[in-house]
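Read through the structure below, which is laid out as structure tokens, and then see the notes.
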Amino acid sequence: MVDKWLPVWDRLRLFEARDDDSRERRYIVDMFPYPSGDLHMGHAEAYSIGDAVARFALMRGYDVLHPIGWDSFGLPAENAALKREMDPREWTYANIDTQAESFKRLGISFDWRTRLHTSDPEYYRWTQWIFLRLFERGLAYRKAAPVNWCPNDQTVLANEQVIAGKCERCGSDVTKKNLTQWFFRITAYADRLLDDMAQLEGCWPERVLTMQRNWIGRSAGAYVDFRIEGHETPVRVFTTRPDTLFGATFFVVAADSPLAAELCSDDKRDAFNAYVEQVQRMSEVDRLTEGRHKTGVDLGRHAINPVNGERIPVYAADYVLADYGTGAIMAVPAHDQRDLDFARVFALPVRMVVDTGEPDPNETGIATHGDGVLVNSGPYDGMRKDEAIAAIAADLQGDAHGEPATTYRLRDWLLSRQRYWGCPIPIVHCGACGEVAVPDDQLPVELPVRGYELRPEGGRSPLESATEWVTVTCPSCGGPATRDTDTMDTFVDSSWYFLRFPSASDHSQPFDAQLLRRWAPVDEYVGGVTHAILHLLYARFFVKALHDMDYLDFTEPFTRLTNQGMVIMNGSSMSKSRGNLVKLQDELASYGPDAVRLTMLFAGPPEEDIDWADVSPTGAVKWLARVWRLASDIGRAGVGSDPATGDPELRRSVHKLVHDATAQTDHKRFNVAIARLMELTSLLRKAIDAGATDAAAGASAVREGGEALARMLSIFAPFAAEEAWELLGNEPSVVSAGWPTTEPSLLVEDSVTCIVQVAGKLRDKFEVPVGITEDELRERALASEAVRRTLGDRPVRTVIVRAPRLVNVVPG
RNA sequence: GGGGUCGUAGCCCAACGGCAGAGGCACGUGUCUUAGGAGCACGCCAGUGUGGGUUCGACUCCCACCGACCCCA
């Protein structure tokens, strides 16, 4: 069946978007796959959903762009290449071909002209071009930053190569090492990334918006400058609680920050160095865990609290992060749990300055956070928390000891990777000129094909080992220079791919602004929740930055977002090690693409996880067989007849089901829509078995229903739908037939069932004309035998009438 | 600790604040059949996690608790 229909679809060019079409357009994008092997069950679910959305839009008469590409740079290709001693290209492009073939055999309605791979020089040329535009704007810059370092292998490790603090390959403890790294200044867009979410409200899943908000983590508060005894410049800290300033009893700087080393007094130097070494072995997650035993070291210095002149000791500790805020905090143990935990370990004073009515933290060991009245705070005593926050922040500013401020949890995006299989950073380092951009007309900076080592000694970037490639002349002064040897995070590649789809083969520009005016932004973006934070945030950042450079006329890339759930097996996610892996190709071999797609969609709403053990591809197979038999039994009956001549009773039922299925599909309730299609199947089966096709009116109505079924089925099970369409005596393709329409006159009923409740409980029901008046209905309800029996001698207090469907008699 | 999502038959899931059941799986009975693991027909099964509240009326709205998953700390 697959082999029969694929060539037909190709020949009819059903799924090609028309850039100059007068129809309204729809841009529907499934998050592009990573070519890790063949497609798996998760892909089948995601793309079944996306395809239903795309095909529905197409059937409804939109000009649809439904593209496909591959996110084809990344570490797994390098690992596979190392293991098999091959070029990462071979592994990558072989997998892409396999996946492309699988997509076709699944019947996904991609416009294959959009096909792109982020690892093609034709693509990454433009990734580099965008990088340079960001570089020109100061949105890409270099600074020293800590990376994971394996001292044994002498190599940099990605976060995912660090398993529980150990090197995944040799098992030794991973430490942090400072390296100069490339960053994107995404923090410059923190406010807009946050504020523009207002327009996504209701269109993106609530939880994704929440996750993004949390990730950006805007908090309002104040900067406070503390003078440090024996140190020239004051140290600035950020606090969300300036109202607790009088409760600051000590001061903490991040142990691994340069500031800590700077502040450390000479007699504490040894203890400090030992502590820092210990800290560098820990992961950030561990460091931030609340409730962990607090550690730190006294730096032998004092800070001066600007509001009361108090001398407070300065500590270095690991629960403060060097790159969050200013890397230093004022510690208020009474009102911050981690400060309190630390104070208790080091026997530091705890002073309550906001009376929240909760028990004293000194005794309970529980810091208080609530609202209350200030105490022990000099002139601010008696103020409420909010009042005090404003007053103290303002006074600090007045005295030049600080200012109101906003900070973010979001940090700049570290994009450089010491890897081979990624997009080279188009920068040349020149002794005389510094960082020099590779001129646009020399792009792409292509990866060297030979003369490099994937894992060079000494933890250098693989590209550094390609000495011939590295050595260049400076584009600016012509002197000797070297190429930047890092490659970009693959999230860079995927932050703009949806801009290139409409002009995927255009070699003159990254994207076509003219075409994007027609297609962008993406109407429907379908993908896993795993990308809910980083990918979506990065893509939003790119679009905003490109908008600010006047390349784009929109500021949000994805108008609507659907996160499909995962396909799990027996309650947990599939994995080889759990032994619960279900192979897509096995399922396809057993049940066929249509049944697998149907099973995915019928299992529940798209957002929910699907436990493959709970669902039944066999059920889908059986239903498809019923549809096939139905179409076959209808055959040419009623062919060419005017639907209007069809049996009105049957038509009424058919149109009602079509109407419902349409509404449900529109809301992506595919499971419910498919249930309606199943009902339609049963309805038509019964009609045929009752001899409907013997009369012209019946045959006409059955044909109308059968054709509607085939058309609607085509968005879920496209091959079976074509087959049914053909059995019904029609020319291919069912896709060209479009979505069935309904006649409003057939949807209005002339009588409905009225339910009669007594005290909210169902007691009687009867058929009434739709136009019945409230008075009439009340009469009939009160006259009901069942109602009178239930009421007994109780008087009637009120009668709620909702004509024509309901009457509720409320006894006194 | 804060936030989000969600708890409906043995299972997966439906139900504008108005008849708790649309659809499917599993199970059972019958029927067709040389046969059935196919088809068809019929049947079986819950009062919606718990406790309050709002309402004429609550699976649906509000509060608390229990449990599951996710995010942030």
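Both backbone and side-chain heavy atoms feed into the values below; hydrogens, waters and symmetry mates do not. Just so we're on the same page: letters track the sequence lines, and every chain starts at 1.
Between Glu524(A) and Lys668(A) a salt bridge is recorded (basic side-chain N to carboxylate O distance below 4.0 Å). Look at Asp341(A) and Arg338(A) and you find no salt bridge, because none of the NZ, NE, NH1 or NH2 atoms lies under 4.0 Å from a carboxylate O. Checked for salt-bridge contact, Lys385(A) and Asp355(A) miss the test: no charged N lies under 4.0 Å from a carboxylate O. A salt bridge is defined here as a Lys NZ or Arg NE, NH1 or NH2 lying under 4.0 Å from an Asp or Glu carboxylate O, and Arg384(A) with Asp243(A) fails to meet this definition. In summary, Arg685(A) and Asp633(A) engage in a salt bridge, as defined by a charged side-chain N under 4.0 Å from a carboxylate O.
C69(B) is paired with G4(B) under the criterion used here, namely a Watson-Crick or G-U wobble arrangement in which both key atom distances are under 3.5 Å. In this structure C13(B) sits in a base pair with G21(B), meeting the Watson-Crick or G-U test at under 3.5 Å. Nucleotide C40(B) has G30(B) as its partner under the Watson-Crick or G-U criteria, with both atom distances under 3.5 Å. Under the Watson-Crick or G-U wobble criterion, with both distances below 3.5 Å, A64(B) is paired with U50(B).
Comparing U34(B) with G23(B), their C1' atoms sit 35 Å apart, to the nearest whole Å. U60(B) and C19(B) are spaced 13 Å apart, taking the P atom of each and rounding to whole Å. The P atoms of C61(B) and G4(B) are separated by 14 Å, rounded to the nearest whole Å. Comparing the P positions of C63(B) and A73(B) gives a spacing of 26 Å, expressed to the nearest Å.
For residues 623-632 of chain A, every residue pair satisfying the side-chain hydrogen bond (donor to acceptor under 3.5 Å, both in side chains) rule, not counting sequence neighbours, is listed here: Trp623(A)-Thr681(A), Arg626(A)-Ser682(A).
Trp215(A) carries Arg409(A) over the face of its six-membered ring, with the cationic atom under 6.0 Å from the centre and within 45° of the normal.
In this structure, Trp215(A) and Ser616(A) both approach RNA chain B, and ranking their closest nucleotides by distance from the 5' end singles out Ser616(A). For Arg629(A) and Ser682(A), each mapped to the nucleotide of RNA chain B holding its nearest heavy atom, the one lying further toward the 5' end belongs to Ser682(A).
Taking a 4.0 Å limit (strictly below) on heavy-atom distances, residues 794-808 of chain A reaches RNA chain B at Ile800(A), Arg802(A), Leu806(A), Asn808(A).
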### Task
Can you check each nucleotide of nucleotides 8-15 of chain B against protein heavy atoms at under 4.0 Å and return B for base, S for sugar-phosphate only, - for none, in 5' to 3' order?
---SSSS-

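Within the 4.0 angstrom heavy-atom criterion, only backbone atoms of the sugar-phosphate kind lie near Glu679(A); the bases stay farther away. Across all strands shown, Lys761(A) has no heavy atoms under 4.0 Å from either base or sugar-phosphate atoms.
To the nearest 0.5 Å, the span separating CG on Asp594(A) from CZ on Phe719(A) amounts to 6.5 Å.
Between Tyr525(A) and Phe558(A), the ring planes lie parallel to each other; the angle is under 30°, not in the 30° to 60° tilted range.
Distances from the side chain of Lys622(A) to the nucleotides A41(B), A38(B), A73(B) place A38(B) closest.
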